[in-house]
Amino acid sequence: MTDRSCLAVILAAGLGTRMKSALPKVMHPIGGRPMLAHVLETAARAGCDRIAAVIGPDMTAVETLVAGATSSAECFIQCERKGTAHAVLAARPALKRPVDDVIVLYGDTPLITPEAIGLVRRALGDGADVAVLGFEATDPTGYGRLLVEGGRLVAIREDKDASEAERSVTFCNSGIIGFRGALLPELLDAIGSNNAKGEFYLTDAVEIASRRGLTVVAQTGPAEDVLGVNNRVQLSECEAIFQDRMRRSAMLSGVTLIAPETVFFSHDTKLEADVVVEPNVVFGPGVTVSAGTVVHAFSHLEGAFVDEGANVGPYARLRPGAELGKGSKVGNFVEIKKATVEAGAKVNHLSYIGDARVGAKANIGAGTITCNYDGYNKFFTDIGAGAFIGSNTALVAPVAVGDGALVAAGSVIVRDVPADALAVARGQQVVKEGRAATIRAIKEKAKTSREG
Ligand code: UD1
Ligand code: MG
């Protein structure tokens, strides 16, 4: 994009009181991961080679997230919330190291794209000293207005400080502002707090820079990219846009979604071309589905890998550690957890397979359960290739069923079954000819004498 060095300062000290939550605002998830994680990743993808996140005190979870994001990410703590300029100053140690450009981003703006950040970076690359990302707001209430005169951005007026005429401006500040790195410290030092909120506004840097004759420009980006989250209604609006982007991207890369609006993705869902997803499917984090697989309606997948040409569902649940081999089948009301179902194996109906291996081409009858947990520990069940497990079998782990073995329906298997053996572990069937009719006659007679 540009070979200029770039520091992203991400402001995330807000508690988000309107979220009414014990969780810091930027930790609320979009697509299954915190909003701040989206912004951290986007900043890195936009070529910001250093990242400074400004967070509030006692936000350990946020600190951990930042530390794990990219090796270049550092955290700075803003002890008191005194405004956006004050927040940027909390990252002063990072600003002191020479850098070409500094881009300020917000941690509660999760839909920001590398392209939108690119607009600001390009303006700085083209010689601007300050570049603001603006957008056309349908309702500008609450936003800072971009005041442009003769094609130059002269000031940003916060809603609370704006005159009647300024309030009618719909060109608004997204909050994303780029600065030539060498200029930022002196601009920040010149900002006061003489305004309606008594805060140090970063936006005042625009008027100061403009008065000093520096080049200040406004770029226009899509309003959708800069939606901020202040409450859970806005959180759900951002989630909806995020889901829409994921669906479009999946379909454009060759995935069929029959009813896209009913399929929900995580930020890291990977579906190969020629996967078909039927309606009402949810992908939790960590799912990869390979080409030619059909995910039937009402299935829920999380932490699962599905190889080529498999069939999942309807109503299947794949939990973390589920691995389905090529051409395997996991059918209705089947739950797979931390288990491998090898190529061509079938678990078609009403089963729980946990902590297990189902060998290639094995067939698991309806209602089969791996009893993997004794209330204290988990144990492994190993089912060999080509084994046939009759319906309603309980496999009490740890236990192994050899290749090609046959387990009779309704068995409770507590000991290993050798390869090619038949295991029958159920009560003997007893048949008493005519006994049902006799019982009926006795009961009828007793009832008639009671009532008579
Ligand atoms: C800000 C902008 C406004 C813009 C709007 C876009 C200023 C003065 N105003 O207003 O022009 O239209 O965003 O959404 O910058 N933060 C801190 N520490 C602080 C204050 C804020 O970290 O002391 C963080 C918040 O967590 C948030 C961001 O900075 O992520 C913006 O702060 P917020 O109070 O939401 O500013 P707005 O009033 O929305
Ligand atoms: Mg805000």
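Reckoned from all heavy atoms, side chains included, excluding hydrogens, waters and symmetry mates. Bear in mind that the values here come from a model prediction, so they are computed numbers and not experimental data. All ligand and atom numbering here is 1-based and tracks the order in the structure.
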Engineer: Which residue supplies the protein heavy atom nearest to atom 12 (O) of ligand 1, what is that atom called, and how far is it?
Structural biologist: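 Going by distance alone, atom 12 (O) of ligand 1 is nearest to N173 O, 2.7 Å.
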
Engineer: In plain terms, say whether K82 and E80 are close enough for a salt bridge, that is, a side-chain N and a carboxylate O under 4.0 Å apart.
Structural biologist: yes

Engineer: Can you tell me the protein heavy atom closest to atom 2 (C) of ligand 1 and the distance?
Structural biologist: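 Of every protein heavy atom, Y106 OH, 3.6 Å lies nearest to atom 2 (C) of ligand 1.
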
Engineer: Below 6.0 angstrom between ring centroids: does that apply to Y143 and F135?
Structural biologist: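 Yes: the rings meet the under 6.0 Å criterion.
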
Engineer: How far apart are the C-alpha atoms of R33 and E41, what are their side-chain angles, what is the distance that settles it, and do they pass the salt bridge (Lys or Arg N to Asp or Glu O under 4.0 Å) test?
Structural biologist: CA-CA 11 Å; R33 76 170 165 177; E41 192 200 287; 3.0 Å; yes

Engineer: With a 4.0 Å cut-off, would you call R97 and E74 a salt bridge?
Structural biologist: yes

Engineer: Is atom 22 (O) of ligand 1 in close reach of the protein, with a heavy atom under 4.0 Å away?
Structural biologist: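 Yes; the ligand atom in question has protein heavy-atom contact below 4.0 Å.
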
Engineer: Strictly less than 4.0 Å: does any protein heavy-atom distance to atom 34 (O) of ligand 1 fall in that range?
Structural biologist: yes

Engineer: Can you sort out which atoms of ligand 1 are near D108, meaning under 4.0 Å from one of its heavy atoms?
Structural biologist: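 Counting atoms of ligand 1 from 1, those under 4.0 Å from D108 are 27 (C), 30 (O).
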
Engineer: Got the closest protein heavy atom to atom 18 (N) of ligand 1, with its distance?
Structural biologist: Q78 OE1, 2.7 Å

Engineer: Could you point out which residue of I364, I389, T370 forms a side chain to side chain contact (heavy atoms under 4.5 Å, CB included) with S351?
Structural biologist: I364

Engineer: Which atoms of ligand 1 have any heavy atom of E158 under 4.0 Å away?
Structural biologist: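 This gives 2 (C), 3 (C), 7 (C), 8 (C), 9 (N), 10 (O), 11 (O) as the contact atoms.
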
Engineer: Would you say the side chains of Y373 and D355 form a donor-acceptor pair under 3.5 Å?
Structural biologist: no

Engineer: Is it true that the side chains of K25 and N230 contain a donor and an acceptor less than 3.5 Å apart?
Structural biologist: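 Yes - a donor-acceptor pair under 3.5 Å links their side chains.
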
Engineer: For K82, take its heavy atoms, then give the atoms of ligand 1 lying under 4.0 Å from any of them.
Structural biologist: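 The atoms of ligand 1 under 4.0 Å from a heavy atom of K82 are 23 (O).
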
Engineer: Mind checking whether A87 has an N or O less than 3.5 Å away from an N or O of ligand 1?
Structural biologist: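 Not met; the criterion fails.
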
Engineer: I need the nearest protein heavy-atom contact for atom 16 (N) of ligand 1: residue, atom name and distance, please.
Structural biologist: R81 NH1, 3.9 Å

Engineer: Is there a polar contact, in the sense of an N or O pair closer than 3.5 Å, between A13 and ligand 1?
Structural biologist: yes

Engineer: Please identify which atoms of ligand 1 are closer than 4.0 Å to at least one heavy atom of T84.
Structural biologist: 7 (C), 8 (C), 15 (O), 20 (C), 21 (C), 29 (O), 31 (C), 32 (O)

Engineer: Which one of T84, T109, V39, L105 satisfies the side chain to side chain contact (heavy atoms under 4.5 Å, CB included) criterion with L11?
Structural biologist: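 Checked T84, T109, V39, L105 against L11; only one passes side chain to side chain contact (heavy atoms under 4.5 Å, CB included): T84.
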
Engineer: Would you say that more than 12 heavy atoms from the other residues, nucleotides or ligands in this model lie under 6.0 Å from the NZ of K337, or not?
Structural biologist: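 Atom NZ in K337 is packed in, count exceeds 12.
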
Engineer: Can you tell whether the side chains of R319 and E302 come within less than 4.0 Å, N to carboxylate O?
Structural biologist: no

Engineer: Does E207 come within less than 4.0 Å of R157, counting only side-chain N to carboxylate O?
Structural biologist: yes

Engineer: Return yes if a side-chain donor-acceptor contact under 3.5 Å exists between D225 and T113, otherwise no.
Structural biologist: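 Checked: D225/T113 side chains pair up, N/O donor to acceptor below 3.5 Å.
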
Engineer: So which heavy atom in the protein is nearest atom 26 (O) of ligand 1, and how far is it from that ligand atom?
Structural biologist: G14 N, 3.0 Å

Engineer: Answer yes or no for S174: is there a heavy-atom contact with ligand 1 below 4.0 Å?
Structural biologist: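 The answer is yes, since S174 has a heavy atom less than 4.0 Å from ligand 1.
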
Engineer: With heavy-atom distances below 4.0 Å as the criterion, list the atoms of ligand 1 near G144.
Structural biologist: 3 (C), 4 (C), 11 (O), 12 (O)

Engineer: Examine the proximity of ligand 1 to K25 and report which part, side chain or backbone, both or neither, has a heavy atom under 4.0 Å away.
Structural biologist: neither

Engineer: Taking atom types as modelled, is there a side-chain donor on T170 or E136 under 3.5 Å from an acceptor on the other?
Structural biologist: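 Indeed, the side chains of T170 and E136 share at least one donor-acceptor pair under 3.5 Å.
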
Engineer: Going by the order shown, which atoms of ligand 1 are within less than 4.0 Å of some heavy atom of L11?
Structural biologist: 22 (O), 24 (C), 29 (O), 30 (O)

Engineer: How far is atom 37 (P) of ligand 1 from its nearest protein heavy atom, and which residue and atom is that?
Structural biologist: K197 NZ, 4.8 Å

Engineer: Considering only non-hydrogen protein atoms, determine which one is nearest to atom 39 (O) of ligand 1 and report residue, atom name and distance to 0.1 Å.
Structural biologist: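 Result for atom 39 (O) of ligand 1: G142 O, 5.0 Å.
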
Engineer: Looking at F242, is R247 sitting on its ring face, NZ or CZ under 6.0 Å from the six-membered ring centre and within 45 degrees of the normal?
Structural biologist: no

Engineer: If you measure from each heavy atom of V54 to ligand 1, is any distance below 4.0 Å?
Structural biologist: no

Engineer: Measuring from the heavy atoms of E80, does anything fall under 4.0 Å of ligand 1?
Structural biologist: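 Per 4.0 Å heavy-atom rule, E80 does not contact ligand 1.
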
Engineer: Which heavy atom of the protein is the closest neighbour of atom 20 (C) of ligand 1, given with residue, atom name and distance?
Structural biologist: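 Looking at atom 20 (C) of ligand 1, the protein heavy atom closest to it is G83 C, 3.6 Å.
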
Engineer: Might you check, step by step, whether the distance between atom 9 (N) of ligand 1 and some protein heavy atom is under 4.0 Å?
Structural biologist: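 Given the 4.0 Å cut-off, atom 9 (N) of ligand 1 counts as touching protein heavy atoms.
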
